[in-house]
Amino acid sequence: MAERQHKLQAIMISVPFQGHINPFVNLALKLASKGCAITFVHLQHIHQKLSKAHNSDDLFSEARGSGLDIRYTTISDGLPLEFDRDLHAEEYWVHLFREFPAIVDDFVGTAIEADPYLVPFLVADTVYAWPAAVAEKYKLVNVSLWTEPALVFSLVYHEHLLKERGHIPCKDDQVQEINYVPGVESISTNDLMSYLSETDDILLETLSAAFKGVKKADFILHNIVHELESKTLSALNKYQLNYAIGPINFYKNLAANTISKSLVSESECAPWLASKPPGSVLYVSFGSIAQTSKHVIEEIAYGLLLSEVKFIWVVRAGIVSFDDDTNVLPEGFEDMIKDKGLIIPWCNQITVLSDPAVGGFLTHCGWNSTIESMWCGVPMICYPITYDQPTNRKLVVDNWKIGISLCDGKSVNRKEVAENIKSCMSGTCSKSLRQEAKKVKDILQNALEVDGSSDRNFDQFFNDLKAKINDTATSE
Ligand code: UDP
């Protein structure tokens with residue numbers, strides 16, 4: 001009988017949010033397609049949502065059927081399943097930061113003992129604070145996946161510089177240009193991430209801890225292409241090994257489409273879109289977590305009506321608040337729009353953005369949404385709400401010129417909303433937005449072609465990873 005070969009094993013524990021799950025699952029598939037065994041872990045409450053939305057208990061069965069070695073399992077995050085994590089989002093985040101690391105530590109200790117023919121390494125989301133300690137304890141090579149732009153990474157990475165110059169906390173009333181962060185030419189304090197505005201923000205506290213750990217990671221993977229953030233990435237490479245391997249949500253020849261990632265059942269939009277002329281429909285969605293006010297929803301609703309543009313609007317549960325499930329749209333709105341609009345709770349966003357009828361995306365600028373729009377060549381109307389979204393808006397509007405802001409100031413009013421929708425879809429700036437969006441689309445799509453920049457970077461990363469694991473094994 002042939003001797004069983006040793007095989008690399010990626011241990012991957014997902015962050016329990018849609019925008020982190022999507023690229024993480026695709027990265028798992030990509031590593032599996034390179035011959036790694038994957039131990040993929042979802043938290044139990046995420047597994048419960050996925051099973052319900054997709055009517056399936058084994059989310060990777062089809063991928064396994066196509067020959068990939070993916071061992072799927074779940075762990076508890078330490079809270080009862082009934083605990084409402086959406087309603088108590090901040091409390092939950094604190095729990096993940098403080099209590100979850102001990103659970104992961106135990107899990108990884110057991111996982112690496114399970115099969116002596118596997119050579120384990122860790123692939124973890126950069127926002128988790130536990131990977132450095134776990135990797136050190138079990139002597140694992142540590143790969144960190146950053147799911148936002150390199151600009152945002154760089155700003156958190158150089159948090160100490162921002163603190164020294166008095167830009168954390170950044171004061172709302174003093175707009176200043178920041179031009180001292182390596183690899184970042186210039187950024188206004190207005191465009192910084194929301195969590196930099198206060199020193200005692202829990203997200204900043206957890207990200208600071210996570211980034212202390214990431215400075216010890218062996219490899220950092222970025223969900224972007226090198227060409228679009230080359231200066232920032234080159235500057236980061238002076239400290240550590242960074243690889244731009246995006247856009248991860250569009251990896252080719254993977255069983256990706258057979259994997260259930262959406263936490264909510266998807267409404268079908270294709271029949272509605274089928275009768276609409278090319279480029280005529282605006283897609284509106286604010287991602288999976290961000291919340292806004294009823295007033296803003298109302299202004300956007302009337303702005304859409306005034307613009308007379310056709311639209312699909314994802315009005316998801318919790319968009320205004322989780323403890324108030326009454327209809328957030330103006331009364332009678334669905335009757336007013338007639339066939340002009342389709343209102344749905346959730347959809348397959350990539351399928352919608354890929355539809356030729358879609359010509360614009362009114363987005364909160366979550367990074368996945370942004371890069372999905374870029375991949376499809378769809379210009380954006382940006383309404384950043386929180387977290388990294390204001391910084392992503394700057395890249396879209398100021399650097400790449402593939403989008404416009406929804407409103408100039410902080411307040412949202414229906415007249416300005418309508419004007420900007422018209423201007424993006426068919427007005428004066430529509431043509432140049434579309435030209436630039438096409439250029440960016442080509443850059444992204446070329447990057448994933450054989451020998452494109454992200455394809456090469458992934459191969460380089462994988463070779464460096466194998467070499468590092470060999471070195472670690474021989475030095476023990
Ligand atoms: N998404 C989706 N259907 C929807 C709305 C969003 O599939 O109706 C997906 C979208 O494709 C993206 C993710 O949810 O991959 C949202 O991630 P993003 O980083 O844009 O925003 P977040 O939810 O993290 O704020």
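Remember, it's 1-based here, ligands and their atoms both numbered in the order they're listed. Everything quoted here is computed from the prediction, not taken from an experiment.
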Got the closest protein heavy atom to atom 3 (N) of ligand 1, with its distance?
Cys347 O, 2.6 Å
Atom indices of ligand 1 within 4.0 angstrom of Gly287 heavy atoms, with elements
23 (O)
Inter-residue atom distance Thr363.OG1 - Glu372.CD, 0.5 Å rounding:
9.5 Å
A student checking ligand 1 against Gly19 at a 4.0 Å heavy-atom cut-off should list atoms 17 (O), 24 (O)
Between Asp388 and Asn392: side-chain donor-acceptor atoms closer than 3.5 Å
yes
Any non-hydrogen atom of Tyr283 lying under 4.0 Å from ligand 1?
yes
Location of contacts on Ser285 toward ligand 1, heavy atoms closer than 4.0 Å:
side chain
Nearest-contact summary for atom 13 (C) of ligand 1 - protein heavy atom, Å:
Asn22 ND2, 3.8 Å
Ignoring hydrogens, just give me the one of Gln389, Glu266, Glu372 whose non-hydrogen atom is nearest atom 11 (O) of ligand 1.
Glu372
Would you say ligand 1 has an N or O under 3.5 Å from any N or O of Gln18?
no
Distance-only donor-acceptor check, side chains Thr351 and Asn348, under 3.5 Å
yes
Heavy-atom side-chain proximity of Pro247 to Met374 below 4.5 angstrom:
no
To which protein heavy atom is atom 1 (N) of ligand 1 closest, and what is the distance rounded to 0.1 Å?
Trp346 CZ2, 3.3 Å
Determine, step by step, whether Tyr128 and His20 satisfy the ring pair (Phe, Tyr, Trp, His ring centres under 6.0 Å) criterion, reporting the C-alpha distance in whole Å, the side-chain angles of both residues, the deciding distance to 0.1 Å, and the verdict.
CA-CA 11 Å; Tyr128 270 141; His20 292 260; 8.6 Å; no
Atoms in ligand 1 flagged as close to Ser369, the criterion being non-hydrogen separation under 4.0 Å
18 (P), 20 (O)
Check whether any N or O atom of Ser288, backbone or side chain, sits under 3.5 Å from an N or O atom of ligand 1, and answer yes or no.
yes
Report the distance from atom CD1 of Ile337 to atom CG of Leu304, rounding to the nearest 0.5 Å.
9.0 Å
Looking only at distances, please establish whether an N/O atom of ligand 1 is found under 3.5 Å from an N/O atom of Asn368.
yes
Is there a heavy atom of Val314 sitting under 4.0 angstrom from any atom of ligand 1?
yes
Using the side chain to side chain donor-acceptor pair (under 3.5 Å) rule, take Asn242 and His222 through it: C-alpha gap first, then chi angles, then the decisive distance, then the call.
CA-CA 7 Å; Asn242 290 267; His222 294 263; 2.7 Å; yes
Here the gap from His47 atom NE2 to His42 atom NE2, rounded to the nearest 0.5 Å, amounts to 9.0 Å
Side chain, backbone, both or neither: Trp367 near ligand 1, heavy atoms under 4.0 Å
backbone
Distance (rounded to the nearest 0.5 Å) between Trp367 CH2 and Gln389 CD
12.5 Å
Hey, can you tell me if Phe153 and Phe211 have their rings parallel, tilted or perpendicular (30° and 60° cut-offs)?
tilted
To atom 22 (P) of ligand 1, the nearest of His364, Arg316, Glu148 on a heavy-atom basis is His364
Using a 4.0 Å heavy-atom threshold (strictly under), name the region of Gln349 that reaches ligand 1: side chain, backbone, both or neither.
both
